[in-house]
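For reference, the structure is listed below as C-alpha cells.
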Amino acid sequence: MALVKDLSIDFLGVRCENPFFLSSSPVCSNYEMIKKAFEAGWAGVFYKTLGIFIPDECSPRFDITRKESAVWTGFKNMEMISDKPLEKNLEYIRRLKEEFPTKVMAISIMGSDEEEWRILAKKVTEAGADLIECNFSCPQMTTSAMGSDVGQNPELVEKYTRAVVESTHLPVIAKMTPNIGNMEIPAMAAIKGGAKGIAAINTIKSITNIDIENMTAMPVVNAKSSISGYSGAAVKPIALRFITQMKQYPDLADVPITGMGGIETWRDALEFLLVGSGNLQVTTAVMQYGYRIVEDLISGLSHFMDEHGFEKVEDLIGLALPNIVPADALDRSFKIIPKINEDLCVGCGRCYVSCFDAAHQAIDWDGENRKPIINDNCVGCHLCLNVCPVLDCILPGEVKFKEGREPHTIELKHKYE
C-alpha cells in the first residue's frame, strides 16, 4: 500500500515538495520530458546542461555493464551537454516555470570562459530559474576548457563560480567531479567563489567493456571509442564516500549538498540522506525504468519515516555521519564469530571454499553430512556471511575479546537484507 507523508524540504531557501530531482542529463532535456516528470511526482529538475557551445554528438554513445540479469550494474555515456540552441532551452524553461510554478527549475550551465559563464547565468536567471548549477564535472567534453578538466582546477572553479554568483541573485551550486583524489579542495574553492551548495557526484571516467571484434572499448564508433562517464548502482559506494568526506570536513560541514550517483530505490535515497545530502538527484535509474520510479521513492521513504517515527526529511540528514570514523578510531579489541543456522543451511559449501581459498581456513567441511563447521582459526572477518546465498543462514554470533582487552558491551548487527 502506498503511503505518502509530507516529504517537503527547504533547499537553499527554495521549497521542494520532496527531495527527489532529476539530474542534469538526457532524462530532462526538453519541455515534454520535464512536463511528464513533473506530472509523475518529481519535485524538480536540474535541467540538462546549457552552454553557448552546441556539441556534435557521436553514435552510438551508451554502454552498460551487467551481472547475470537484465539489470544494469553500471552505465557509460559519451553524451555531452544540451544539443539544442540556447534560446530554445530558455523557451522551455520559461514555459515549464509558468505551467508548474511549484516545481523547482534548477538549471545546469557550463561555459568555456568567464564571459560565457556570466552570459549563461544572466539568461537562465531571466528565464525563471530557481537555482543555478555550475557543471564543473562532465568527463566527456571534447575540449579541456570545459567539464571535469575545469573541476580539477581549484583556481578555475573559484573564478567561474564567482563570475556566476556576480551575475545572478539566485543560489549557486557547484557540481563536483569524482575524477580527483580530494573533492574537498575544489568544493572549498567553489564556496570561496560564492557557491551556496555542492552537487556530488558526476560520472566517473571509465572503460566499461572491451569489444574484441573491433579491438576497442564500448560503445564502438566506427571502430573507435573513448574514455567517458560511468554511473548507476556501481558508483553509489564512491558517491557516498565523497559526500561523507565533504560533510565531515569542518569548513564544509554546514554546506548543503545535493547528492547523486547510483540512486535507484528508496533505500539508496535514504542512505544519501543519512550521510548528509539534503536533496537527491537521479538519472540512470530513470533510463532503465522511467519516471514512475519516483512513486516508489516517495512511498518507500514515507513508510520508513512512518515506521521509525521521523516527521520530517530534515530529521534524517546526516544521522550516520557521527558513526563513520577514521580507521584508527575503530574498536579493535574483539572478534565476532559467525554462527551458522543448520536448519537454513543448504550444504552448498560456498562458505567453506571461500574461507579456505581466500580467508583463514576457519571452516571445516563435513562431507558426509554436507555441513560447514567453524573452527578455532576464525578471526571474525565475515567473508562467509557475505558469500552465503541463503539470507540469515550465517549471522554474527559469539563475541570474543582479544587477550588482554577489557570486555565491554558490543553492538551487533542482526539484520541483513
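- Residue I227 places its CD1 atom among 12 or fewer non-hydrogen atoms of other residues, nucleotides or ligands, all under 6.0 Å distant.
- Classification of the W42-F20 ring pair by plane angle, with boundaries at 30° and 60°, yields perpendicular.
- To the nearest 0.5 Å, atoms NZ (K123) and OG1 (T125) are separated by 11.5 Å.
- Between the K103 side chain and the F38 main chain, a donor and an acceptor come within less than 3.5 Å of each other.
- Taking CD of Q281 as the start and OG of S24 as the end, the distance is 8.0 Å to the nearest 0.5 Å.
- Note: S148 OG to N153 CG = 12.0 Å, rounded to the nearest 0.5 Å.
- Although no hydrogens or angles enter the test, the distance criterion places no donor-acceptor pair under 3.5 Å between the side chain of E133 and the main chain of F46.
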- Item | Stepwise side-chain hydrogen bond (donor to acceptor under 3.5 Å, both in side chains) test for N135 and S137 | CA-CA 5 Å; N135 186 342; S137 46; 3.2 Å; yes
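- Side chain of Q140 to main chain of E79: a donor-acceptor pair is present (N/O by atom type, distance under 3.5 Å, no hydrogens or angles).
- Among I132, I109, I107, the one residue that satisfies the side chain to side chain contact (heavy atoms under 4.5 Å, CB included) test with L120 is I109.
- Residues D268 and T265 bring a donor and an acceptor atom of their side chains to less than 3.5 Å of each other.
- R267 and E271 are joined by a salt bridge, as a carboxylate oxygen and a charged side-chain nitrogen come within less than 4.0 angstrom of each other.
- One finds a salt bridge joining R118 and E114 here, because a Lys/Arg side-chain nitrogen approaches an Asp/Glu carboxylate oxygen to under 4.0 Å.
- Under 4.0 Å is where a charged nitrogen must lie from a carboxylate oxygen, and between K122 and E126 no such pair does.
- Note that the CD atom of E17 and the CD1 atom of I298 stand 7.0 Å from one another [nearest 0.5 Å].
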